[in-house]
Each structure stands twice: as C-alpha cells, then as structure tokens.
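Side chains are part of it too, since the values below use all heavy atoms of this structure and drop only hydrogens, waters and symmetry mates. For clarity, every value in this text was computed on a predicted model and none was experimentally measured. Nothing fancy with the numbering, it's 1 onward along the sequence.
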Amino acid sequence: MPRSKITSSSKDLITDDGAILASVIHGEQTRLDIVVGWLTNLSNYTITAKVVEGNNTQGSGEKPVAAEVGGAVITLPIIDTVVSDNQFDIVIPQTLIDTWATTPEPDKPIYGFIGLEIQDSGAGNAQQIWKPMRGLVEVLYSPTEA
C-alpha cells in the first residue's frame with residue numbers, strides 16, 4: 001500500500017459547499033433562509049452571523065482580499081420563530097453599509113465578508129462549533145440611496 005507524504009493534502013476530512021456570494025442592493029433589507037441539514041432541533045444552540053467590511057477601493061468594483069483595517073463589524077439579526085426545527089433566517093439590514101468607508105457606484109459594487117457560526121451548549125472540549133457558511137456580501141448601487 002503506497003503512503004502519501006505527511007505534508008500531502010490529498011483529502012479534506014471536513015467538507016462544505018464552498019463560499020457563498022450574497023448580492024444585495026444598497027438600502028435593501030432582506031432575509032437569507034437557512035436550513036441546517038445536520039441538526040433537527042436548534043433549541044440549545046447559539047447562532048451568530050456577522051459581516052466584516054472589506055478593504056474596498058472606491059470606484060474599483062473589485063472584490064477585496066482583506067478586511068478594512070478598523071472597519072465595521074456588523075452582527076446580523078437572527079430570526080428563529082420555531083427553535084424546535086432546523087431552520088432560521090439571517091437578516092441583512094438596510095443599514096448594512098451606513099458606516100463603511102466606501103459606497104457602491106453604478107457597475108462598481110462594494111463587498112463585505114460574511115460568516116455564520118453555530119455553537120452547541122457544550123463546554124470546553126465537549127463543545128462543538130460549526131462554521132457552515134462564509135463568503136462575500138456584494139452591495140450594488142441604488143439610485144434611491146444616492
């Protein structure tokens with residue numbers, strides 16, 4: 001049986017569907033409906049979602065590769081009206097970019113980094129923390145916000 005080098009990364013034992021892109025319009029308030037497929041009941045779980053302002057260059061429209069130094073970190077509201085199931089909503093508020101250093105322009109969006117964390121009620125080494133979603137929030141120009 002052949003063996004791989006210890007530094008070979010041929011298989012990732014923890015997989016996901018990859019990063020997401022959530023595209024919203026400046027001033028829009030919307031919800032992302034999330035279903036956590038590996039759980040059936042969210043009663044004893046803590047759910048946190050945040051957006052971190054990206055290091056956007058005004059007027060470039062390019063995706064940032066870093067967070068804005070000293071930039072905004074927004075905790076997104078979670079709506080979970082039935083905690084005995086595995087479904088909840090993440091609210092992207094209309095005020096998402098109100099304190100950001102840059103604003104979108106026609107055909108030149110700005111971006112933030114989004115992440116979702118789900119913690120069970122365990123403590124110390126008995127606790128599990130999942131990060132099932134991460135990616136970018138793209139904010140597009142809106143004439144009504146000009």
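Around the CG atom of Asp33, the shell of radius 6.0 Å holds more than 12 heavy atoms that belong to other residues, nucleotides or ligands. Few gaps surround CD on Gln119; more than 12 heavy atoms of other groups in view lie less than 6.0 Å from it.
A pairwise comparison of heavy atoms in Phe88 and Ile78 identifies CD1-CG2, 4.0 Å as the closest pair. Gly54 and Pro64 get closest at one heavy-atom pair: CA-CG, 3.9 Å. Residues Ile25 and Tyr141 approach most closely at CG2-O, 3.9 Å, considering heavy atoms. Scanning both residues, Glu68 and Asn56, for their nearest heavy atoms gives OE1-N, 4.1 Å. When all heavy atoms of Pro109 and Pro104 are compared, the pair lying nearest together is CA-CB, 4.2 Å. Of all the heavy atoms in Glu105 and Gln58, the pair that sits closest is OE2-NE2, 2.8 Å.
The closest side-chain heavy-atom distance from Leu76 to Val51 is below 4.5 Å. Between Asp89 and Thr81 there is no side-chain heavy-atom pair separated by less than 4.5 Å. Residues Met133 and Ile90 have side chains in contact (heavy-atom distance under 4.5 Å, counting atoms from C-beta outward). A 4.5 Å side-chain heavy-atom check between Ser84 and Asn41 finds at least one atom pair inside the cut-off. Between Glu117 and Ile47, the closest side-chain pair of non-hydrogen atoms is not below 4.5 Å. Considering only heavy atoms from C-beta on, Val35 comes within 4.5 Å of Asn86 through its side chain. The shortest distance between side-chain heavy atoms of Thr40 and Asp85 does not fall below 4.5 Å. Counting only heavy atoms from C-beta outward, the side chains of Thr57 and Thr102 never approach each other to under 4.5 Å.
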Exercise. Under the side chain to side chain contact (heavy atoms under 4.5 Å, CB included) criterion, do Ile114 and Leu136 qualify, and how do the steps go?
Worked result: CA-CA 6 Å; Ile114 188 170; Leu136 289 172; 5.9 Å; no

For this session: Apply side chain to side chain contact (heavy atoms under 4.5 Å, CB included) to the pair Ile118 and Val36, showing each step before the final yes or no.
Result: CA-CA 10 Å; Ile118 301 173; Val36 185; 3.7 Å; yes

For this session: List the steps, then state whether side chain to side chain contact (heavy atoms under 4.5 Å, CB included) holds for Val91 with Ile79.
Result: CA-CA 7 Å; Val91 178; Ile79 297 175; 3.6 Å; yes

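How far CD of Glu145 is from NE2 of His26: 4.5 Å, rounded to the nearest 0.5 Å. Distance check: Thr95 OG1 to Trp100 CH2 gives 11.0 Å after rounding to the nearest 0.5 Å. Considering CD1 of Ile74 and CD of Glu53, their distance stands at 7.0 Å, rounded to 0.5 Å. Atom CG of Leu96 is separated from atom CD of Glu28 by 11.0 Å, given to the nearest 0.5 angstrom. In this structure, OG1 on Thr75 lies 4.5 Å from NZ on Lys50, to the nearest 0.5 angstrom. In this structure, the separation between CD1 on Ile34 and CG on Leu32 is 5.5 Å, given to the nearest 0.5 Å.
Distance alone, capped at 3.5 Å, is enough to place a donor-acceptor pair between the Asp120 side chain and the Gln128 backbone.
Donor-acceptor pairing under 3.5 Å is recorded for the side chains of Tyr111 and Glu138.
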